[in-house]
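The structure appears right after this line, and notes come after that.
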Amino acid sequence: MMSSSQKRAEYRLLFKQNVSGRLIVDKIMMGIVFGCVIAAVIPLGSILLEVFKNGISAISIEFLTQVPGAIGSGEGGIGPAIQGTLIIIGMSSIIGVPIGVMSGIFLAEFGDNRLGRTVRFFNDVFMEFPSIVLGIFAFLVIVLVLGHFSLWAGAFALSLIMFPIVARTTEESLKMVPMTYREAGIALGLKKWVITFRIVLSAAKSGMITGILLSVGRIGGETAPLIMTVLGSSQFFSGVDSPMDALPLRIWRMSLLPYDSAQMQGWGAALVLIIIILAINITVRYYFAKKSKKGKILSKLMGMRKK
Amino acid sequence: MSKQIPFSKRRLPTDKLFKIGAMVAGSYVLVIIVLIVFQLSSESYPIWQREGLAFLTGSDWNAVEGRESFGAAPYILGTLVTASLAMIIGVPLSIGIAMFISQAPKYLSGPLSILIELLAAVPSIIYGLWGIFVFRQIMLDWVEYPLYGIFGDNVWIFSSAPFGLDIFSASVILAIMIIPTISAVSREIMIAVPQQQKEAAYMLGATKWEMFRLAVFPYAKTGLIGAAILGLGRAVGETMAVTMLIGNATGPSAFPQSLFQPGQTMSSIIANEFIEASPASLHLPALVGVGLILLLVAICINVVAHILVSRMLKVREGAINA
């Protein structure tokens, strides 16, 4: 059936109208979508800018090393808070990393059964537990039983945040070690634990270190569980059985004081904290940008939990 | 003549021990979850015994000895209201971001997704600090006063005079904080949609947006809902930024009546009052009880979210292998 040239022109016109309308909708939607990205990046930019702008004037050697001065005096510094944050990170890692790594080994090497699937599922769910609940738990089982606030309680609470992240990243990096490595070990007549610890773990080292660093970045900024465990203090370290200060706690305390000088010190402490955490995060991301496969899994895990 | 094997050479069942050790470490998480639920239940038992279900529905909150009365309803409601507002703001933004990143060329999507994920790396306490000193003023000047001026007299949710430390500010901060979670998972899920589906849509002459509408959204629906629920789980448990921005009302006045009114969430009342609560009184059991409710809500949300998300991502693995 031949259509007249007139009819063809009509079809062409209809087609054009149809397409141009849809293209306009497409452009509008793409604009909205791009707007979403901008809307999310602006707060990040504003936070970084304000923290640097307001924090930089507070930073000095005394500020980084001294104990806090009298309330509102604007003197003193955040020495104990920095020390406390580092000690708490160290202690949480001592508890959390071995458990996390062993748990990751279990998931990767023996996890292909019912127990493994259950553990993996609840591990993921546990990663999303509100951290303040973990703080209450640490308070009930340690602080209330021993009768005083302590570093141990805080480190225990933070290790609970840490180990599921370490476990899942360890599992993912162990699964990426080729089967042939393990077979080579078996061919040498090695025992399974020797193969796992000597061959598989060392091949998966970089992935595991990333997971550990990620979890350190996560717990370094945690505040809620510390309120009810290490409590805060204005003195330097005096034993694992006593209260201790930490950067997030110090920021909280300072920001609630009605003095300009204290607020400025709060911004200073925030600058120190954000430098530590962004340094860890950017290092990890840069390091893993090259190994995109691992990076993808890790970045998926990263987005998943906070405070 | 039987040879004595020296003890050091006798083979210990090391592999068995290794396997048992790994299983114990793996099961640690299950033990901890059970312990947490048990501890919180037993420590909050006095409050359930005294208040019963009224603890869930009451609104009085008085820790003064002799006149103790605890009702968590305003805080439960406050949590639900802030979290759902955060979802209303955050979910469309996150899905837009995920759409952009899943489509953008590599040189753009890489840095952008890192930027978005840095939002997740910023500690909650710094969101709070930025919130009370910077964001509060912006909200007041640009959003709350205009809204109050236009709708204040007629629409009840905009009724009380804006103060900046209120339910609305806390919800917007929460929305910003859950964007990285939802957008990261949504992007994973959009990438998991089989390439053939997308190509088929393009073959039919679809534009990019139509491709999303025809091929990606219907296929990824469950997964995207799962991603949003994951964000909800995060929003429910979020503590510090909310505590600093929500205004911290207690008792009946904490009922979320309008957006511009101070409120309180379950996590913020715990953060505010936990240290002052004496273990001897009912105050501590009441706060632990609030923690228990929070925990149960969070567990339910997260279990649902993980089932939805993992089902969707499993489909992808199947598609790749096929």
Side-chain angles (χ1 to χ4, degrees), chain A residues 22-23 25-26 29 32-34 36-37 39-41 43-44 47 50 99 102-103 105-107 110 119 121-126 128-130 132-133 136-137 140-141 144 160 164 191-193 217 221 223-224 227-228 248 251-252 255 266 270 273-274 277 281 285 299-300 302-304 306-307, chain B residues 14-15 18-19 21-23 25-30 32-33 36 39 43 93 96-97 99-100 112 114-126 129-130 132 134 176 179-181 184 188 207-209 233 237-240 267 270-271 274-275 279 288 291 294-295 298-299 302-303 306:
Chain A
R22 288 167 47 214
L23 283 180
V25 172
D26 186 52
M29 287 317 293
I32 292 175
V33 160
F34 189 67
C36 292
V37 177
V41 173
L44 179 69
I47 289 171
E50 294 288 339
I99 297 173
M102 270 315 263
S103 170
I105 290 175
F106 166 71
L107 288 175
F110 310 105
V119 167
F121 182 79
F122 280 102
N123 201 77
D124 285 355
V125 171
F126 190 66
E128 304 284 334
F129 270 27
I132 193 155
V133 170
I136 297 177
F137 177 60
L140 295 177
V141 296
L144 214 51
L160 294 180
K191 293 206 151 197
K192 177 126 184 158
W193 70 274
T223 321
I227 295 173
M228 54 268 286
I251 298 171
W252 196 40
S255 66
L273 180 62
I274 216 166
I277 285 174
N281 270 281
R285 273 157 220 281
S299 66
K300 203 178 94 197
M302 308 239 358
M304 286 207 178
K306 211 179 42 167
K307 276 105 256 162
Chain B
T14 42
D15 263 2
F18 170 59
K19 187 173 177 181
M23 274 168 92
S27 313
Y28 180 69
V29 64
L30 304 178
I32 284 284
I33 292 178
I36 289 178
Q39 271 287 338
E43 289 293 326
L93 276 175
I97 291 166
M99 282 167 70
F100 188 85
L112 268 181
I114 289 183
L115 271 184
I116 300 291
E117 280 162 19
L118 281 187
L119 269 179
V122 174
S124 177
I125 186 82
I126 290 183
L129 187 73
W130 175 76
I132 46 177
V134 181
I176 301 171
I179 282 176
T181 312
E188 279 308 299
T207 60
K208 235 175 207 178
W209 161 243
E238 176 52 52
T239 310
M240 295 320 295
S267 51
I270 299 172
F274 202 85
I275 282 312
V288 176
L294 175 64
L295 177 69
I299 290 181
N302 283 312
V303 165
H306 276 107

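Values reported hereafter were calculated over all heavy atoms of this structure, with side chains retained and with hydrogens, waters and symmetry mates removed. All figures in this text were calculated on a predicted structure; none of them were measured in a lab. Labels below follow one simple rule: chain letters A, B, ... track the order of the sequence lines, proteins then strands, and each chain is numbered from 1.
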I'd like to know which of [options] tops the heavy-atom pair count under 4.5 Å against chain A.
options                               : answer
B:Gly21, B:Gly233, B:Ala22            : B:Ala22
B:Leu129, B:Leu30, B:Ile132, B:Ile270 : B:Leu129
B:Ile176, B:Ile299, B:Val134          : B:Val134
B:Ile126, B:Ile179, B:Asp15, B:Leu93  : B:Asp15

With only heavy atoms counted, which part of [X] is less than 4.5 Å from chain A, the side chain, the backbone, both or neither?
X        : result
B:Ile275 : side chain
B:Ala271 : both
B:Leu112 : side chain
B:Ile116 : side chain
B:Leu118 : both
B:Gln39  : both

* Asked: Where do A:Ile132 and A:Met228 land on the side-chain contact (heavy atoms from CB on, under 4.5 Å) test, with the steps shown first?
  -> CA-CA 9 Å; A:Ile132 193 155; A:Met228 54 268 286; 3.9 Å; yes
* Structure fact -> NZ (A:Lys192) and NZ (B:Lys19) are apart, to the nearest 0.5 Å, by 8.5 Å
* Separation of B:Ile125 CD1 from A:Thr223 OG1 (nearest 0.5 Å) ->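 Nearest 0.5 Å value for the OG1-CD1 distance: 4.0 Å.
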* Looking only at atom types and distance, does a side-chain atom of B:Asn302 sit under 3.5 Å from a main-chain N or O of A:Val125, one as donor and one as acceptor? ->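 Checking the backbone N and O of A:Val125 against the side chain of B:Asn302, no donor-acceptor pair under 3.5 Å is found.
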* Structure fact -> Shortest non-hydrogen pair, A:Ile277 vs B:Ala121, comes out as CG2-O, 3.5 Å
* **Heavy-atom closest contact (B:Leu294 atom, B:Ser267 atom, distance)** => CD2-CB, 4.1 Å
* A:Phe122 atom CZ, over 12 foreign heavy atoms within 6.0 Å -> no
* To do: Would you mind checking which part of A:Met29 comes under 4.5 Å of any heavy atom in chain B, side chain (CB onward), backbone (N, CA, C, O), both or neither?
  =>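 For A:Met29, side-chain heavy atoms alone lie under 4.5 Å from chain B.
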* To do: Please state whether the side chain, the backbone, both or neither of A:Ala39 comes within less than 4.5 Å of a heavy atom of chain B.
  =>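 Only the side chain of A:Ala39 comes within 4.5 Å of chain B.
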* Out of A:Ile99, A:Leu23, A:Leu144, which one racks up the most heavy-atom pairs below 4.5 Å with chain B? -> A:Ile99
* Aromatic ring centroids of A:Phe110 and B:Phe18 under 6.0 Å? -> yes
* Give the ring-plane orientation class for A:Phe34 versus B:Phe100, where under 30° counts as parallel, over 60° as perpendicular and anything between as tilted. =>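 Ring orientation, 0 to 90° scale: tilted.
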